[in-house]
Enquirer: 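Just dropping this structure here.
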Amino acid sequence: MERIPILRMGPFLIVSIQVDMHDRLALTLQADLAARISETGARGLLLDISSLEVVDSFIGRMISDIAGTSRVLDAETVVVGIQPAVAITLVELGLSLPGVRTALNVEKGMALLRAATADARQWDAAAGSETSSENADGSAAM
Amino acid sequence: MAVLRCETMPVRSQQDVVAVRQSVRSWAVAQGLSLVDQTKIVTAASELARNTLDHGGGGTARLEAVSDDGRAGLRLTFEDRGPGIADVSLAMTDGYSTGKGLGLGLGGAKRLSNDFDLWSRAGEGTRVTITKWK
Ligand SMILES: Nc1ncnc2c1ncn2[C@@H]1O[C@H](COP(=O)(O)OP(=O)(O)OP(=O)(O)O)[C@@H](O)[C@H]1O
Ligand SMILES: [Mg+2]
């Protein structure tokens, strides 16, 4: 079955959507991502949509749902690379992607994820939780 | 208004919806629409093709390269013989959906086009025509 690849980089998962997805493929990606986040305990997800020339209401909802699901699984999502024409169209369509963090490019997106998860680590350390050591392992691997 | 080129495509599967998006993009480029206008009409086409498939039980998409007084445009017609829409103005309302969608498709497609026309009759089917002018 056709699938969008999910890469792991330390404590983060990275997905770059390079094809015009039909609806089932988008739903498969959503399910795969939730499974990978829970398997790996990833703290962040970077979703690169710079190759997407169209984001309609279905894909827009998929993006919001992915961000919502990963939040529930304790991972931050950053969507990067939305093309300007796509951004203009999304707003006119009536989709503002509420609750979804965005960054202009992969580099800025990674910086945002690192900052967001560093805050979380400090918090975890202060609370004496075990997740801090897992994070230290993950970060060292990067 | 003159029709310079016309093609009818099936809308019977999710792959067909992808194919419609791709054809609409290349026709929009050929008609000289700006990148933003291309993106708008492709997005509107995607919404309407999905409605044809999901709500109308499948149908067709007709692409027409048109010209009016020297102005180029792209006209798209989505047609099905599905259940039709009982209350059109309700269906056009943002946020109204009989499925699990966001209910943005019809209203969004209207905002993204220059001309919008919807014909529907309960039990007979639905036809939506949109045009984007250069
Ligand atoms: N071709 C059609 N045949 C029958 N009913 C339709 C058709 N197109 C739209 N409708 C009706 O109009 C409603 C609104 O359509 P619209 O595209 O705005 O929202 P949606 O498809 O439910 O959700 P979204 O497009 O945001 O995913 C639909 O829920 C459906 O009841
Ligand atoms: Mg719809």
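Computed from a predicted structure; not experimentally measured. Side-chain atoms are counted along with the backbone in the values below, which use heavy atoms only and exclude waters and symmetry mates. Chain letters run A, B, ... following the sequence lines, proteins first, then strands; residues in each count from 1.
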Enquirer: Quick one: do Leu53(B) and Val42(B) end up in the same hydrophobic cluster if we chain Ile, Leu, Val, Met, Phe, Trp and Tyr together by side-chain heavy atoms under 4.5 Å apart?
Expert: yes
Enquirer: Tell me, do Ile37(A) and Leu13(A) make a side-chain contact under 4.5 Å, heavy atoms counted?
Expert: yes
Enquirer: Report yes or no: do Val20(B) and Val18(B) belong to one cluster of Ile/Leu/Val/Met/Phe/Trp/Tyr joined by side chain heavy-atom distances under 4.5 Å?
Expert: no
Enquirer: Hey, quick one: are Ile6(A) and Ile63(A) part of the same hydrophobic cluster, counting side-chain heavy atoms closer than 4.5 Å, chains of contacts allowed?
Expert: yes
Enquirer: So which of Ile88(A), Val86(A), Val55(A), Val54(A) has the biggest tally of heavy-atom pairs under 4.5 Å with chain B?
Expert: Val54(A)
Enquirer: Please look at Val36(B) and chain A and tell me whether the side chain, the backbone, both or neither of the residue comes under 4.5 angstrom of a heavy atom of that chain.
Expert: both
Enquirer: With a 4.5 Å heavy-atom cut-off, do Val78(A) and Leu47(A) have their side chains touching?
Expert: no
Enquirer: Hey, any chance Leu45(A) and Val100(A) share a hydrophobic cluster, counting ILVMFWY side chains that come within less than 4.5 Å of each other, even indirectly?
Expert: yes
Enquirer: Chain A and chain B: which donor-acceptor pairs fall below 3.5 Å?
Expert:
{"unit_1": "Asp20(A)", "atom_1": "OD1", "unit_2": "Arg21(B)", "atom_2": "NE", "d": "3.0"}
{"unit_1": "Asp20(A)", "atom_1": "OD1", "unit_2": "Arg21(B)", "atom_2": "NH2", "d": "2.5"}
{"unit_1": "Asp20(A)", "atom_1": "OD2", "unit_2": "Arg21(B)", "atom_2": "NE", "d": "3.3"}
{"unit_1": "Met21(A)", "atom_1": "O", "unit_2": "Arg21(B)", "atom_2": "NH2", "d": "2.9"}
{"unit_1": "His22(A)", "atom_1": "NE2", "unit_2": "Gln15(B)", "atom_2": "NE2", "d": "3.3"}
{"unit_1": "Asp23(A)", "atom_1": "OD1", "unit_2": "Arg50(B)", "atom_2": "NH2", "d": "2.9"}
{"unit_1": "Asp23(A)", "atom_1": "OD2", "unit_2": "Arg50(B)", "atom_2": "NE", "d": "2.7"}
{"unit_1": "Arg24(A)", "atom_1": "N", "unit_2": "Gln14(B)", "atom_2": "OE1", "d": "2.8"}
{"unit_1": "Glu53(A)", "atom_1": "O", "unit_2": "Arg25(B)", "atom_2": "NH2", "d": "3.1"}
{"unit_1": "Asp56(A)", "atom_1": "OD2", "unit_2": "Ser46(B)", "atom_2": "OG", "d": "2.4"}
{"unit_1": "Asp56(A)", "atom_1": "OD2", "unit_2": "Arg50(B)", "atom_2": "NH1", "d": "3.1"}
{"unit_1": "Asp56(A)", "atom_1": "OD2", "unit_2": "Arg50(B)", "atom_2": "NH2", "d": "3.0"}
{"unit_1": "Ser57(A)", "atom_1": "N", "unit_2": "Glu47(B)", "atom_2": "OE2", "d": "2.5"}
{"unit_1": "Ser57(A)", "atom_1": "OG", "unit_2": "Glu47(B)", "atom_2": "OE1", "d": "2.8"}
{"unit_1": "Ser57(A)", "atom_1": "OG", "unit_2": "Glu47(B)", "atom_2": "OE2", "d": "2.9"}
{"unit_1": "Arg61(A)", "atom_1": "NH1", "unit_2": "Lys100(B)", "atom_2": "O", "d": "2.5"}
{"unit_1": "Glu92(A)", "atom_1": "O", "unit_2": "Arg111(B)", "atom_2": "NE", "d": "2.7"}
{"unit_1": "Glu92(A)", "atom_1": "OE1", "unit_2": "Lys40(B)", "atom_2": "NZ", "d": "3.2"}
{"unit_1": "Leu93(A)", "atom_1": "O", "unit_2": "Arg111(B)", "atom_2": "NH2", "d": "2.8"}

Enquirer: Before you tell me yes or no, could you show the steps for Leu97(A) and Ile82(A) under side chain to side chain contact (heavy atoms under 4.5 Å, CB included), namely the whole-Å CA-CA distance, both residues' side-chain angles and the distance that decides it to 0.1 Å?
Expert: CA-CA 12 Å; Leu97(A) 301 183; Ile82(A) 301 182; 4.2 Å; yes
